[in-house]
Engineer: 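Could you have a look at this structure, given as structure tokens, before my questions?
Not measured: the values here are computed from a predicted model. What's counted below: heavy atoms across the whole structure, side chains too, no hydrogens, waters or symmetry copies.
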There are 2 protein chains.
Amino acid sequence: MQAAASGLQAEIDRLRHELRSIVAERDTSSRDEEEITISDYLLARLEQLGVTSIFGVPGDFNMPFLDYVEDHPVIQWIGNCNELNAAYAADGYARVKEHSIGVVVTTFGVGELSAINGIAGAFSEMVPVLHVVGVPSTVQLKTRPLLHHTLGDGRFDAYTKAAEQVTTSQAMLMDKNHAAAEIDRILTDCITRARPVYLTLPSNMVSEKISARRLKVPLLRAPPVNQPDVEAFVLDEIVKLVAEADEDVIILVDACVIRHDVQEEVKELLISTRFPVYAAPMGKTAVSEEYDRYGGIYIGSISDPAIKERVETARLILSIGALKSDFNTGMFTYSIPTSRTVELHSDHTLVRYAQFPRIGMKHLLPKLSARLRQYQQGAGELVLRPKLEVPKEHGDAITHAYFWPRVGKFFKRRDVIVAETGTSSFGILDVPLPDQSVFVSQILYGSIGWTVGSTLGAAIAARDKKLGRVILFIGDGSLQLSVQELSTIIHHELKPIIFLINNQGYNIERNLHGMDRRVASRVVASNPDTQQKVQ
Amino acid sequence: MQAAASGLQAEIDRLRHELRSIVAERDTSSRDEEEITISDYLLARLEQLGVTSIFGVPGDFNMPFLDYVEDHPVIQWIGNCNELNAAYAADGYARVKEHSIGVVVTTFGVGELSAINGIAGAFSEMVPVLHVVGVPSTVQLKTRPLLHHTLGDGRFDAYTKAAEQVTTSQAMLMDKNHAAAEIDRILTDCITRARPVYLTLPSNMVSEKISARRLKVPLLRAPPVNQPDVEAFVLDEIVKLVAEADEDVIILVDACVIRHDVQEEVKELLISTRFPVYAAPMGKTAVSEEYDRYGGIYIGSISDPAIKERVETARLILSIGALKSDFNTGMFTYSIPTSRTVELHSDHTLVRYAQFPRIGMKHLLPKLSARLRQYQQGAGELVLRPKLEVPKEHGDAITHAYFWPRVGKFFKRRDVIVAETGTSSFGILDVPLPDQSVFVSQILYGSIGWTVGSTLGAAIAARDKKLGRVILFIGDGSLQLSVQELSTIIHHELKPIIFLINNQGYNIERNLHGMDRRVASRVVASNPDTQQKVQ
């Protein structure tokens, strides 16, 4: 009954919000009606979402909008070296700046397509990013002249069709009367679904005036409520399984705990239950790695044997926010039978073999914490905490066995630690990170070079949030893809610490494919000795 | 009758070709039947097309194919710094290496999407480029596990759907029995339509064995023949207009003369008729700028006044391969009435107001040359050849008025001259270039940073063709987008001459938008003096 009442209350809140938005917009009685440009409306919404910095590259079709960005009192423009790096930066910013979003602005065709891989990465890894594209005027979009930046064949919708593949919602602002509602719609999708969205701003629309009334009602952040009777049934089922497991339960946290904003709810569950907790690679730092019931990283068959044993023999695994990709599961080597698993996701729940669509974890977790508090006394055996031992090495070579534990000693609380796909992200996984540190890596999508741009965004977000140092680990192979963005980092007086691991090529590809293959070697051209050695 | 016979002959040639391909493939009688891997089949076709170099970035899904590239006796692998630059390089290679194509190899998702803007540019500007993407195995493509590089939601076709927007043909090799025919189909489309094509190579297909028999029949390069009776009618109409114009005819060449491979046919027409010839910006160097009847660049209202007068008052304008984009026409300011215009295109012809679909210029031009030879005696007045005068300058500043004519004196025959969009491409337009020089610029699509990658490709093609120097003009704003590719240029011991025009930001955007706007300024971070001055 309590759950049902709570669900009804949430639905009431939701309906009230919709009503307030509509009433605010229709309220023509107000004498001091404020008009605002579409650009300023968008920027006001972004400011409400906590956005302080917008990334991108200017182009003739987006410059009218960029004037409004430049003139905005709070939001600053970060001009990037290229659009892919700008998209990466927006992604890094959104990851570190929880409850906000990343924003990237590009120009029609040439700019937006250059950024699309960065947007796809944000889609894959569930990062809320708004991609604003400055496009030709609404008249040109209709008459379709042979403009520069087009495909030359009159197809003005081709770029949008490509964007539809990698964004969760799109809005093409063709009519100022719908502009505010359209902007609100895609921003709501962006924050509630944690996925990128796409907005085209025709050059003549940016300065059109619209009513500012909707701005009085903040955007709704909460995901849809769970249907109360189904939710109550699910809760009963989970509680029953916990009881049957004699409290031999472990919790496994993963990417979506971070992405779908349930870190606080999970923390409450951990405190309530005292169940041991482990993390998948993409869930690293979702739970403090200094927490006394935290046991380390579970990654299937390549886990530390003690962790593997503890996780896989538990009588019940409560998995939260799982994203079971190949690299996140030790190449699909989880050995946890479905019969002993409960999975909580953002928009559905799995209890053993049963699926419960539209039962999301955001609303379920607090109720679960309340119900499971009674099992705290019997929580499973103590966890072997991961230890950080730096081996003694002889000789000049810096080995991985030494290096990763050693940098572990270097980390401090509130550090932001960015690890490039490959050697860096694998190397750092087993290093316990300090409390309140943030681990940033692109383990599912794995686009090399991503960390250079995302370090820029992460560093700006860290400055906003008064976090500590930003520390990047990257190899020479990946750095070359996006190296110019270091200039933007320097230009904005950000001071990340960068560990450049120079192994003269793509080491991950060598290991996958053959140590003597030339194609795996990309050598820094300024070092002729190395060139000759490798090629 | 002659035209009709010629058309019938071409159709006979075409049918014979198809027959030979099929017969070759079905010829199981041959005792020494040769089997070949799909990779080697593809590489053999590329070698037949004159490809010596393949560009790209390795990734785990394309490395099985790259082994075959590495082991190929003729084709070399050019490892790029990133995929966008690789696509630009393939584009630059194809532009300079006439009758061949550019090839870029990327990996699933992260790689191919990074390259897509380069592919879109090749589509827009009609450059034949093959984009080969290494993708997961055919089993994985069907079962769709949560692999790295995916969007995380099981959509394995999303990247191909994006590619469909910017390529003219696609082939997904899922069945080895169709592999050879599919490869031949898209390569034929690539060379005959002069557009990029897209090929996915599943990791398990690269080493599958197929029959090599089809390789005995070279790919067909010729475009479809024109329908003889329509073509004869069109020829009569054009000849009648030339006669009515009292031979006051000028020829205007444009981009598609180069892209659709009719430079030889146009040269024959010029020699036959002695009509004065002008070029649109995108047609620069389609006709030798040292030719005594060449009159310079026509670009609508911003043309040199003498050129504008001469072109626009001619009684008949024979336009060949026009691509009337904004930047190619002085922002749509052509002042040439349709009633005095004949337009020849790759796949249609316009005679004043009448349209003739499927009457293409490749087969039409030789017949037109033969028919118009009789009008040579009366060819229009002599042309004022463009002159190259270097003004005397006082003071230290290097002005545009001085600089561009001065570099004009520096150019030599057989130079390849690459000009970045903006200041560089506009600056060089009015400089007459030497005979046999090649002008490379992306005037329609206009993606800044494109020239760095394309200079790499152009330099390799120039080496193949034993052309002269490769000379790049680029600003500091554009260079930063793709600057790392200079390392590949150095690594392969290519020695382009680079003029870096440092005007501290995006000058073209300043002129369009406001000289004091911060967003138009991207300052090289290593120069703190300039930083403070501009920001």
Side-chain angles (χ1 to χ4, degrees), chain A residues 58 60 63 66-67 70 77 79 81-82 84 109-110 113-114 116-117 120-121 123-125 145-152 158-159 161-162 165-166 323-327 332 444-449 480-484 487-488 490-491 506 509 512-513 517-520 522-525 531, chain B residues 58 60 63 66-67 69-70 77 79 81-82 84 109-110 113-114 116-117 120 123-125 145-152 158-159 161-162 165-166 323-327 332 444-449 480-484 487-488 490-491 506 509 512-513 517-520 522-525 531:
Chain A
D60 53 346
M63 292 195 76
L66 296 190
D67 285 350
E70 188 179 334
W77 171 248
C81 292
N82 66 39
L84 181 57
V110 294
L113 291 184
S114 293
I116 198 169
N117 182 53
F123 186 97
S124 172
E125 299 243 335
L146 191 45
L147 295 181
H148 64 288
H149 298 342
T150 69
L151 292 168
Y159 309 138
K161 285 185 177 170
Q165 296 301 321
V166 297
L323 213 167
K324 287 184 262 185
S325 78
D326 49 1
F327 287 178
F332 307 120
L444 169 55
Y445 195 61
S447 182
I448 61 169
Q480 68 181 352
L481 279 92
S482 45
V483 62
Q484 58 268 80
S487 74
T488 314
I490 295 165
H491 182 60
Y506 304 115
E509 308 295 3
L512 285 167
H513 202 66
R517 277 297 183 178
R518 272 183 304 156
V519 292
R522 257 299 303 178
V523 184
V524 177
Q531 272 182 49
Chain B
D60 53 346
M63 291 194 75
L66 296 189
D67 286 349
V69 178
E70 188 179 334
W77 170 247
C81 292
N82 66 39
L84 180 57
V110 294
L113 290 183
S114 293
I116 198 171
N117 182 54
F123 186 96
S124 172
E125 298 244 335
L146 191 45
L147 294 182
H148 65 288
H149 300 341
T150 69
L151 292 168
Y159 309 137
K161 285 184 178 170
Q165 297 300 320
V166 298
L323 213 167
K324 286 184 261 183
S325 79
D326 50 0
F327 288 178
F332 305 121
L444 168 56
Y445 195 61
S447 183
I448 60 170
Q480 68 181 353
L481 279 92
S482 43
V483 62
Q484 59 269 78
S487 73
T488 313
I490 295 165
H491 182 60
Y506 304 115
E509 308 294 4
L512 285 167
H513 202 65
R517 278 295 184 178
R518 274 182 304 158
V519 293
R522 256 299 305 177
V523 182
V524 177
Q531 271 181 49

Engineer: Out of B/L146, B/V483, B/I116, B/L113, return the one with the most heavy atom pairs under 4.5 angstrom to chain A.
Structural biologist: B/L146
Engineer: Do the non-hydrogen side-chain atoms of B/V166 and A/L151 ever get within less than 4.5 Å of each other?
Structural biologist: yes
Engineer: Which residue out of A/E125, A/K324, A/H149 racks up the most heavy-atom pairs below 4.5 Å with chain B?
Structural biologist: A/H149
Engineer: If every non-hydrogen atom of A/G109 is compared with every non-hydrogen atom of B/Y445, which pair is closest and at what distance?
Structural biologist: C-OH, 3.7 Å
Engineer: Give the minimum heavy-atom separation between A/Q165 and B/K161, together with the two atoms involved.
Structural biologist: NE2-CD, 3.4 Å
Engineer: Heavy-atom pairs under 4.5 Å with chain A are the metric here; pick the option from B/A120, B/S325, B/S482, B/P145 that has the most.
Structural biologist: B/S325
Engineer: Taking the inter-plane angle between the rings of A/F327 and B/H148 on a 0 to 90° scale, is it parallel (under 30°), tilted (30 to 60°) or perpendicular (over 60°)?
Structural biologist: parallel
Engineer: In terms of heavy-atom pairs under 4.5 Å, which option from B/G152, B/A158, B/A162 contacts chain A the most?
Structural biologist: B/A158
Engineer: Measure across A/L147 and B/L444 and return the closest heavy-atom pair with its distance rounded to 0.1 Å.
Structural biologist: O-CD1, 3.6 Å
Engineer: First locate atom CG of A/L84, then atom CG of B/N82, and finally report the distance between them rounded to the nearest 0.5 Å.
Structural biologist: 7.5 Å
Engineer: Give, for atom CG of B/L481 and atom OG of A/S114, the distance between the pair rounded to the nearest 0.5 Å.
Structural biologist: 7.5 Å
